[in-house]
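Below: the structure, in structure tokens.
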Amino acid sequence: MIQFSLRPCSLFVLPRGALVALALMLLFASGQAQAQAQQSTQTADQRASAGFTESAPVTTNSSKHKRDPYENWNRKVFAFNESLDRWLLKPIAQSYRAIMPEFADRGVTNVFSNLGELSNFTNSVLQFKLESAVVAAGRFTFNTVFGLAGVFDVATAWDLPERPEDFGQTLGHWGSGAGSYLMLPVLGPSNPRDFAGFGVDSFLLPSSWDQIERPYNGYARGLQLVDVRADLIPAEKLISGDRYVFFRNAYMQRRDFLINDGKVQRDPFAADDSDDLMLDDF
């Protein structure tokens with residue numbers, strides 16, 4: 001299964017503010033857990049320096065990633081998502097690719113991308129990225145007017161490529177930590193910060209999706225989900241090794257890349273952390 005990162009495209013309807021409250025609770029709980037883990041590490045170091053020794057705790061985490069303390073639970077959710085994808089979503093996406101001409105598939109993808117430009121604009125403003133805000137406004141205007149409501153991505157051809165921004169990135173821009181890695185049922189990879197951002201993007205910030213009346217809004221969400229899954233099928237050939245670890249590292253690196261605006265914070269090769277190495281094009 002190609003697991004999806006959280007964006008405001010959920011098919012579920014929750015009371016306004018409920019998802020945001022839950023996300024903020026997760027954000028706080030994760031921060032508390034990380035603080036306790038740091039304190040435990042410091043205590044262990046102090047005990048070791050004082051000459052005390054103790055047996056290492058037994059763990060069933062296979063990869064022992066410091067940002068994935070809930071790996072046992074996350075793997076169970078990952079297995080559930082894999083089964084759901086294998087028996088439902090992927091067959092639908094494969095049928096979609098089989099019957100959908102390439103130019104029409106690209107047009108559908110472009111329309112949904114155009115609907116996301118308002119979110120890109122709003123979050124760019126919240127981060128004081130005025131150039132990105134101008135780009136998002138220009139893309140929406142050009143693609144809506146000259147690209148037939150976004151079917152054609154004329155803005156990219158005019159040297160205005162998309163600059164994706166969401167509220168999870170906004171929180172990261174203002175110093176909020178990501179927290180522990182979470183694998184959520186159906187929604188896929190996330191963390192408390194991105195889940196909180198997902199809730200804010202979905203229920204609090206203005207969105208072009210609000211202009212689509214029900215039930216057509218739900219139909220469009222379903223089509224977007226299938227379109228995204230279909231577009232990811234060719235990328236499956238890049239998957240190697242432990243699938244859970246692969247998707248986890250891909251998600252973390254992608255989010256770090258977006259939040260840092262493509263600026264590399266460290267050299268993974270110099271750090272000799274082969275578990276974190278991923279293909280840049282994934």
Side-chain angles (χ1 to χ4, degrees), residues 1-14 18-38 40-41 56-94 168 177-199 202 221-222 225-226 228-230 232-233 235-256 273-279 282:
M1 175 184 179
I2 299 294
Q3 308 272 345
F4 304 104
S5 61
L6 281 178
R7 294 284 290 178
C9 60
S10 173
L11 301 179
F12 302 103
V13 178
L14 295 176
L19 183 60
V20 179
L22 177 59
L24 292 176
M25 289 172 61
L26 280 172
L27 184 64
F28 174 77
S30 179
Q32 292 294 100
Q34 282 191 326
Q36 292 176 1
Q38 271 190 335
S40 299
T41 301
V58 178
T59 177
T60 56
N61 287 359
S62 60
S63 57
K64 302 178 183 178
H65 195 289
K66 62 183 180 181
R67 290 170 60 184
D68 189 8
Y70 312 120
E71 182 176 343
N72 291 333
W73 165 257
N74 286 336
R75 282 184 178 272
K76 292 182 176 67
V77 178
F78 177 81
F80 168 78
N81 288 347
E82 288 270 275
S83 297
L84 185 64
D85 179 77
R86 183 182 306 113
W87 295 107
L88 179 63
L89 186 54
K90 185 175 180 179
I92 296 175
Q94 289 173 325
S180 302
Y181 177 73
L182 297 174
M183 177 63 67
L184 301 177
V186 181
L187 297 176
S190 185
N191 56 56
R193 180 182 64 198
D194 289 345
F195 188 41
F198 170 72
S202 299
R221 295 291 196 186
L225 179 63
V226 173
V228 170
R229 182 62 182 94
L232 290 173
I233 288 178
E236 292 183 1
K237 63 183 179 181
L238 300 176
I239 302 173
S240 61
D242 187 325
R243 290 174 63 86
Y244 173 83
V245 172
F246 186 95
F247 287 120
R248 180 189 66 194
N249 292 348
Y251 175 79
M252 287 182 177
Q253 292 186 22
R254 174 63 175 166
R255 293 302 295 174
D256 288 344
D273 188 2
S274 60
D275 184 49
D276 283 342
L277 299 183
M278 297 295 301
L279 296 175
F282 180 72

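Note on R67 versus D256: salt bridge recorded, some NZ/NE/NH1/NH2 to OD/OE distance being below 4.0 Å. R75 and D68 are not joined by a salt bridge, as no carboxylate oxygen comes within less than 4.0 angstrom of a charged side-chain nitrogen.
When atom types are taken as modelled, the side chain of N74 and the backbone of M183 share a donor-acceptor pair closer than 3.5 angstrom. Between the side chain of N81 and the backbone N or O of L184 there is at least one donor-acceptor pair closer than 3.5 Å.
Residues G179 and N191 come closest through the heavy atom pair O-CB, 4.4 Å. When every heavy atom of V77 is checked against every heavy atom of P185, the shortest pair comes out as CG1-N, 3.4 Å. Between Y70 and S180, the shortest heavy-atom contact is CE1-CB, 3.6 Å. The heavy-atom pair separating P189 from Y181 by the smallest distance is CB-OH, 3.5 Å. Between S190 and Y251 the shortest heavy-atom distance is CA-OH, 3.3 Å.
The CD atom of E82 sits 4.5 Å away from atom CZ of R243, with the distance rounded to the nearest 0.5 Å. Note: K76 NZ to E71 CD = 10.5 Å, rounded to the nearest 0.5 Å.
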query: Do V245 and H65 pass the side-chain contact (heavy atoms from CB on, under 4.5 Å) test, and can you show the C-alpha distance, the side-chain angles, and the key distance before you say yes or no?
result: CA-CA 9 Å; V245 172; H65 195 289; over 6 Å; no
- request: Any chance you could lay out the side-chain contact (heavy atoms from CB on, under 4.5 Å) test for R229 and I92, step after step, and finish with the verdict?
  value: CA-CA 9 Å; R229 182 62 182 94; I92 296 175; over 6 Å; no
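Aromatic ring pairs are classed by plane angle as parallel below 30°, tilted from 30° to 60° and perpendicular above 60°; the pair F247 and F78 is tilted.
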